[in-house]
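Here the structure is laid out as structure tokens; the discussion comes afterwards.
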Amino acid sequence: MNRLSRRVWSLRRRPGLTEEVDAEFAFHVDMVMQELVAQGMTPTDARAEAVRRFGDMAVVAAECRRFGHQRDQLRSRAEYFGELKQDVTFALRHLRRARGFAATAMLTLALGIGATAAVFSALYAVVLRPFPFAHADRIVLVLPTRQGREEKVASAAEFAAMRERRDAFEYVAAAVFGGELTLIDRDVPESVGSALVSAEYFPLLGVSPWIGRGFLPSDDVGGAPNVVVLSYRLWARRFGSDRSILGRTIRLSEELYTVIGVLPPAFDTRDGDEDIWVPLRLTSEQLSTHSGRWLRLTACLARGVSLAQATDAARAAELELAERNPSSSQAVGAIVRRYVDALVGSSRERLLVVLGAVGFVLLIACVNVANLLLARGAMRTRELALRAALGAGSGRLVRQLLAESLVLAGGGAVLGVLVAHGLIKGLVAMAPENVTRLDQARVNGVVLAFTFAMAIVSTIVAGLVPAIRSASPALQSTLREGGRGAASGVMRDPLRGLLVGAEVALAVTLLVGAGLLVRTAWRLQQVNPGFTPSHVMTARVGLPAKRYEDAQLITSAFGRIRDAVAAVPGVQRVALASVVPMSGSSLSTRVAPEGRQLSADETLPVDIRYASPDYFAAMGMTLLDGRDFTRSDDSDATPVAIISASLAQQLWPGERPIGKRVDAMRVKGNVPNLLTVVGVVDDVRDLALNAPTTPTLYMPFTQTPAGMWVPQGRSLVLVTRTIPAPETMIKAIQRAVMSVDASLPLLDAHSMETWLAQSMAATRFNMLLLTTLATLALALASIGVYGVVAYFVSQRTREIGVRMALGATPRHIWRLVLGAGLQPIVWGALAGVALSLATARVLRQQLYDVTPQDPVTLVAVVATLFAVGLIATLVPAGRAMRVSPARALSTE
Amino acid sequence: MPPTDRLHGTLDALVLKTLSTGTLHGFGILRWIAERTDDVVRVEEGSLYPALYRMERDGWIAAEWGVSDQGRRAKFYSITPKGKRQLAAETRALATFIAAIKPLLLPA
């Protein structure tokens with residue numbers, strides 16, 4: 001019985017085992033019988049007595065069989081591992097003799113496995129890794145909706161309403177992210193990201209402080225002592241992980257705060273990259289105010305409550321609130337989303353696409369190694385036939401060959417870990433900034449386990465078919481043929497050509513994907529952002545609440561700041577704005593043309609910007625009609641506004657909007673808030689080049705409603721158009737600002753070109769990644785093509801010699817070889833185009849103005865492929881043409 | 001110390017000791033023990049054979065089919081080095097056990 005059938009038998013209790021036990025018992029019974037008969041018993045009685053001494057013989061026999069079965073299992077397992085060890089030792093010995101081949105195969109696999117492991121580690125760090133929250137699946141974001149459109153922030157009254165819904169939410173917390181406070185410790189100022197959070201925030205997330213404590217409800221009321229919680233990384237970096245920080249006071253933007261706790265290092269998922277948390281301290285008056293949405297609501301679902309039930313509860317709360325505040329929209333609602341889904345965002349899909357792409361590259365690498373193994377196997381038929389003759393079954397031969405693949409893949413995996421380590425560093429360095437938790441990507445236990453799994457997969461993909469192929473002819477006693485004779489069977493082996501065709505198909509798919517992203521990036525370059533980004537410096541200046549309480553102080557201070565910066569040499573124009581394009585989101589509201597009695601749902605959603613005079617000129621935006629703001633548009637003058645072109649079209653289609661009035665931002669009750677339109681400006685791309693423009697309403701910052709300064713953080717962005725490069729002007733601008741108030745740092749100082757680049761960072765990164773992978777794939781595939789053609793030539797040297805002797809010109813030989821090379825390329829290209837048509841739609845989200853089936857890209861890719869493939873066939877073709885017929889014919 | 005363990009342990013020790021003197025089949029082991037203890041200890045077939053299969057699984061004894069001195073096919077057992085170590089350990093444990101209960105149950 002050969003190995004396989006023996007294994008099958010042992011799965012059941014072998015008949016052999018039963019016979020063994022029965023025979024042993026039978027012998028024993030006979031011996032006892034013999035004894036008893038010698039003592040005078042009759043044979044029948046003796047036998048009965050002998051059997052009786054066993055007790056219940058069937059039970060005893062069963063027990064013996066059970067132990068015997070275990071014994072057999074242990075034995076065959078030991079045998080298996082012994083053989084495996086032998087196979088691996090053989091494999092190592094063999095590979096040591098073929099170092100060049102082994103090195104090539106291992107490096108190819110190292111590249112494929114390493115790249116795949118690197119992408120997987122990113123996927124793990126961002127998406128798969130558990131979050132540092134207790135009950136992460138119950139933490140949700142509560143988002144109000146207006147006419148189906150989700151809002152990221154809610155009003156304080158909505159917060160209070162959600163808190164009442166104990167049936168749905170165990171905790172509800174409100175928070176404001178994206179703040180900055182100036183930390184002054186030992187006279188060194190540093191701006192630190194901050195967040196205002198209500199007392200429920202840390203218990204909701206289930207984050208226990210590393211040292212100290214979190215916030216209590218008593219900290220969250222006005223008048224209580226100022227307290228602050230630090231992040232671990234700030235504590236380590238700025239305070240040297242000194243435990244005595246607890247209870248110490250630090251100065252944050254003019255106020256003294258007592259440090260009461262530090263969060264653990266694992267709490268690394270931060271919304272606004274904040275390092276300090278301060279109590280939110282909503283007053284009861286604020287809690288009853290429903291206008292102005294500025295709070296981020298996070299909640300923890302009560303036990304047993306589903307997302308749908310929570311959504312219903314939230315919606316009911318919204319409707320109740322709408323009834324009590326009749327001026328607000330009727331089509332209110334709410335939606336509850338899982339927090340972790342929001343954190344991960346689209347990263348899951350993007351990373352999975354990249355994982356798929358890099359998986360293709362690994363596949364191509366494996367196929368290349370498979371081809372190498374096939375070529376090697378064809379040369380080893382004598383050696384394998386010998387082994388077969390010495391008793392190795394076909395299964396054993398295959399196992400031995402697979403052991404070689406295992407050693408290659410194992411070596412490749414070890415090298416691959418080093419490759420992955422380097423690739424991860426590069427990935428993290430080049431990735432766009434807003435991918436949560438990507439900086440935690442590293443080669444850890446999970447990634448190592450994945451690498452190990454990839455090694456096994458590569459062994460099978462690369463090694464199985466060549467092992468089976470090489471083992472079978474060996475068993476057909478090819479010993480009698482000459483060593484080379486076997487080659488004639490393998491020469492016409494279509495398998496190698498097929499494998500290379502598959503490689504080419506995969507490479508084509510990746511190239512098409514990369515090509516689509518390249519076209520997208522190119523199209524985006526050509527989009528007009530609506531402003532002139534070059535030579536514009538932006539920096540945010542925030543005024544501390546203590547010394548700038550009321551709106552009058554704030555606006556006059558900003559006025560002085562603007563004048564100070566205008567005097568700096570090199571500054572062409574200076575202006576202020578609440579937010580600049582592509583740097584963050586702005587406040588929004590709804591407007592209606594004057595006099596039109598629109599219901600709340602029919603009003604138009606707009607983004608609001610507060611700006612100073614000269615803002616449009618500084619940004620290089622075109623004023624289409626009317627005038628810019630002037631200094632006389634102050635708090636005593638008529639409220640004015642400048643609207644974007646699309647808004648003008650929506651409010652008064654076909655009419656000139658100058659002089660008309662728009663009703664905006666109802667603050668209290670039904671009192672209209674009328675602004676006179678004095679100018680129309682061009683639309684700008686606000687979020688990103690590939691996002692549509694939003695209608696925008698600009699108001700002079702001197703006419704900002706007093707209550708709006710708090711959600712603004714009492715800050716405006718300084719926009720400076722400079723003559724020299726913007727970055728060189730930062731210090732000068734800083735000095736000018738400090739000449740007005742020495743404690744004001746410049747926050748988020750970036751040129752507009754930087755903001756623009758950042759908004760495109762994700763797209764550019766994806767393009768870079770996919771292009772790199774596609775190039776790698778093309779390189780590997782062309783090596784595969786080269787291999788096949790070179791093999792073709794080497795196998796057909798005699799035939800080429802014969803043809804040349806019979807009169808074929810070098811040109812004929814060239815065509816013959818070219819034909820052999822083109823075959824896998826043509827099939828691969830066809831299959832690749834089909835595959836890419838089927839799969840390109842996964843990229844749909846990332847494309848701009850390009851369809852997934854873009855014909856230009858397809859044609860370009862196929863042309864590139866043929867060009868590269870042609871080059872790959874050149875060298876072997878050249879060699880074929882130089883074959884000397886006499887030499888070829890005389891070779892034996 | 002559960003009673004089955006002690007029972008197993010003692011039986012194992014007996015069998016291993018028996019086989020340390022030579023190679024025997026199952027019947028031979030029974031006879032040897034009965035002779036050496038003057039028929040005081042009579043090991044039951046129903047205990048012996050499962051124990052033999054168990055000890056073979058654990059690698060303390062090895063088995064081989066051979067021919068008895070009467071020319072019949074029988075399964076012969078012999079002790080392995082691992083078994084010898086196990087015998088020493090069992091013997092020590094037994095001695096400790098006996099020394100512990102002797103003053104309790106059989107005061108001088």
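No hydrogens, no waters, no symmetry mates; every other heavy atom, side chains included, goes into these values. Letters go in sequence order (proteins before strands), and every chain restarts at 1.
Contact annotation for residues 40-53 of chain B against chain A (heavy-atom separation below 4.5 Å, listed by residue number): E45(B), G46(B), Y49(B), P50(B), Y53(B).
The ring pair (Phe, Tyr, Trp, His ring centres under 6.0 Å) check on F76(B) picks up H25(B), with sequence neighbours excluded.
Note: R53(A) leads R75(A), R53(A), M57(A) in heavy-atom pairs under 4.5 Å with chain B.
Salt bridge E19(A)/K75(B): absent, no basic N to carboxylate O contact under 4.0 Å. A salt bridge links E35(A) with R31(B): the distance from a Lys NZ or Arg NE/NH1/NH2 to an Asp or Glu carboxylate oxygen falls below 4.0 Å. Using a 4.0 Å cut-off between charged nitrogen and carboxylate oxygen, R57(B) and D72(A) do not count as a salt-bridge pair. The pair D30(A)-R72(B) meets the salt-bridge criterion, with a side-chain N (NZ, NE, NH1 or NH2) lying under 4.0 Å from an Asp/Glu carboxylate O.
In this structure, chain B has heavy atoms under 4.5 Å from both the backbone and the side chain of V21(A).
When the shell of 6.0 Å around CD of E64(B) is examined, it contains 12 or fewer heavy atoms from other residues, nucleotides or ligands. Other residues, nucleotides and ligands contribute over 12 non-hydrogen atoms within 6.0 Å of the CZ atom of R376(A).
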